[in-house]
Amino acid sequence: MSGNQANLKLQPEPAAGTAPAILSVDDVVKRFETPDGPVVAVDHMSLDVRQGEFVSVIGPSGCGKSTLFNLIGGLLSPTEGRISIAGEEVRGPHPSIGMVFQEESTFPWRSVEENVAFSLEVQGVGKAERLERARHFIAMVGLRGFERRYPTELSGGMRQRVAMARTLAFEPKLLLMDEPFAALDEQTRLLLGDKVLQIQQELNQTVVLITHNITEAVQLSDRILIMTYRPGRTKRFVEIKLPRPRTSEIVGSDAFGHYVAEIWNDLREEASKGMHDQETMAERRRR
Amino acid sequence: MRAFDRFAPAALGLGGFILFLVAVEILVRVGVINGYIVPLPSAVLVALGRVVAEEGVLPRFLLTAGESLAAGLLVAGIGIPTGILLFRFNLLRRATENWVAAFAAAPIVLVYPLFLVIFGRSSWTIIAIGTIAGLPPVVLKTLEGFSGVRPVLIRVGESFNLTGWQQFRTILFPAAVPTIFAGLRLGLIFAMINVVGVEFLINFGGLGPLINELSERYDMPGTYAAICFVVLVSVLFFLAVERVERWLRPAS
Amino acid sequence: MATTGVVTGAAPGWRPDAVTLVRAAIIAAVLILWQLLAISGLLYQDVVPPLQAIAVALIRLLGSGDFYANLWASLYETAVALVVGGGAALFVGIVLGGSRFLGRAFEPYLYYLGPTPKIIFFPIMIMWFGVGPGSKMAMGALSCFFPVALSVAVGMRAIPPILIRVGQSFRASQAQMVTKVYLPAMREPVVNGFRLGFGIALIGVLLAETKLSNQGLGFLVIQNYQRFDMPAMYALIIVIFALSMLANAGISRLTAPRSRRGGAH
């Protein structure tokens, strides 16, 4: 936990509550071998998330957020360090972790209820039971009445809710989301944010959200981890002390605006490094 | 790292193939596989040399190649104008394009006895089958090539006040050429396969009957060697046609 | 198709009629030309028999039990060929499509061996499986293996990687990945491969029957040839073409998108 100590010095206080950490990312490094030499995507990062806590990881494009997502989800293994969920080391996709992806990820050949029942089907739950449980989670994401529809008949926001219900039906201890609303328009995103807050409240769900959207992060989180651009390190944690239960109305409050400004202040420097980097790369490619 | 990426799969493919032959050799030698129906790969290799040296392979190859070429020329001579005709008359196209596609999926080779009646056991039967087997892809690809010309190119032609023929010669045809070549490649390959197949079936002509003759002599290694030889010639033919197409095809 | 609606906006429903008319005209022209040729006797009567002779032969063919016995024999051989050859191809295609390395190692062999004339392997198949139906099935299986394996491998690589990651994130086993993710995701290329494979297996079986057999539609064709019964041969070829096109269309329908069928609930 030494890496974590270093991070904690930068911010005054660990998040409220005394529940033990359910997810612990301990001094993790991820290096990729590329034709141009090794690239460090994640550099000595540590993060503890308590039961029921909502933590967002925010950073500019290319900072290694998605690598961190894949590491926690067990789709990649760390070069150094250790990730554990509820005391067990993550060595591959773990039954306690449910992932929601950024890309369109519903199965087009399955109806909504068959999509949501997928994880239960994989676990060998009987048909009647899994469909019933699927319907419960479909109702939770607000898609009652669409059980028999196919993804091609739904809007992008609805499909993303199907993907979320599918992961919730897995009943994970940790819900891990990678920019699930990135492809949606701002208004839909705010409204879906309300849905996420409501579900999180209802299930006392632990959530880690990867995002580049400041508003979204402040609207939803208890704590925000700001990442640096290349190599991806922890810049600092920001605790969001907005009252709960919350709705998207909070977006208009002074406190909200204050948090957004504070985070942008930290993020701007990193984002402009990223932008500069991409410009030089484009320049190099042009030659 | 990169060299490894490039050569390792090729090495594994070739190595796997050789390993397979070695395994067959061993299994035949220890008697797990019946040596009367599967000859030793080493014996086939020896027989391959014998077949090439003693069975008049060159004239046979030239005959098969000649028949394939004749069929290929007929395919081009009939297929491309038919494609242009269908492109030019849209109504005709909409009436018959599906027919051509269905014809492509039908077991065309099976009509070879019909041509046997018409032409007898001669090269004409073989060429006829090769031609009708090669036609559908050429017709369809020619049609696709012309209909796929970008509308902006046609508008450019119109802006220069080209006549219909000038438009065809300077814009439509050059733009369609790559696709037509792709069709010709397919047509030529189809023609060649069917030429060899019918040669074998009616036991007349070049490479096809070679296999018949050796198997009728109960020359096991020889039969296998002849089949390997014909397969090798076909693969070399595909490679050559592919190369020629890439060479002729203008940069796109 | 969509553009024609715009062009013909003024007279909807007229153009399809024109297409039908042209088709009817072409068919009529061919039939009349054929009949004139048959009557004129410019070609041997045997080669171009009059239409009524073909029609009579067609009716006689469809009325004979012999035809159905042979049809059944050929279809059975083709079905076995498709199950054996297509099944092996499905497995090989999934393995090669699932691994970039193995694909690059072995797919070139499939790609270049695929279009070689398969019928020349018939003498070997006779040695291995005898002169009976076994060698015909083997010919069909060998013929359809290549196109099915190639289209499965290509289809496998076209699966969106995200769907594979979803399956992994839910800890699906390898078998579950195949049955619940890979196969449904590549239904279209797999069905297309089998459609192609069916046609090619049928050709393999029938050609082998024409070479050496005592049953099947290929055998019937060659029997008619030996008797110089041209009307019967034409009738038989018409029926075989019709059957192959019917089967082709039938298999194509399997690729219809699921959502439309599901929408009927």
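Lettering of chains follows the sequences in order, A, B, ..., and the numbering in each one begins at 1.
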Subject >> Worked check of side-chain contact (heavy atoms from CB on, under 4.5 Å) between C:Val166 and A:Arg166 >> reply: CA-CA 10 Å; C:Val166 170; A:Arg166 181 175 62 188; 3.5 Å; yes

Around [X], counting heavy atoms of other residues, nucleotides and ligands shown, do more than 12 lie under 6.0 Å from its [atom1]?
X: A:Glu132; atom1: CD; answer: no
X: C:Tyr76; atom1: OH; answer: no
X: C:Phe91; atom1: CZ; answer: no
X: A:Lys195; atom1: NZ; answer: yes

**OP:** Report the option among C:Pro184, C:Gly167, C:Pro160 that has the most heavy-atom pairs separated by less than 4.5 Å from atoms of chain A.
**Re:**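 Sorted descending by pairs with chain A, the first entry is C:Pro184.
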
Original post:
At their closest point, which heavy atom of A:Glu104 faces which heavy atom of C:Ile162, and how far apart are they?
Top reply: O-CG2, 3.5 Å

Is it the side chain or the backbone of [X] that comes within 4.5 Å of chain C heavy atoms, both, or neither?
X: A:Ser105; answer: both
X: A:Pro95; answer: both
X: A:Thr106; answer: backbone
X: A:Gln102; answer: neither

Subject >> Under 4.5 Å from a heavy atom of chain A, the part of C:Gln176 involved >> reply: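 Answer is side chain: those atoms of C:Gln176 sit under 4.5 Å from chain A.
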
To the nearest 0.5 Å, tell me how far [X] [atom1] sits from [Y] [atom2].
X: C:Phe170; Y: A:Leu120; atom1: CZ; atom2: CG; result: 9.0 Å
X: C:Ser169; Y: A:His94; atom1: OG; atom2: NE2; result: 13.5 Å
X: C:Leu163; Y: A:Trp109; atom1: CG; atom2: CH2; result: 5.0 Å
X: A:Arg110; Y: C:Lys180; atom1: CZ; atom2: NZ; result: 6.0 Å

Subject >> Check: C:Arg171 and A:Val122 side chains under 4.5 Å, non-hydrogen atoms >> reply: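 Counting from C-beta outward, A:Val122 and C:Arg171 never come under 4.5 Å.
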
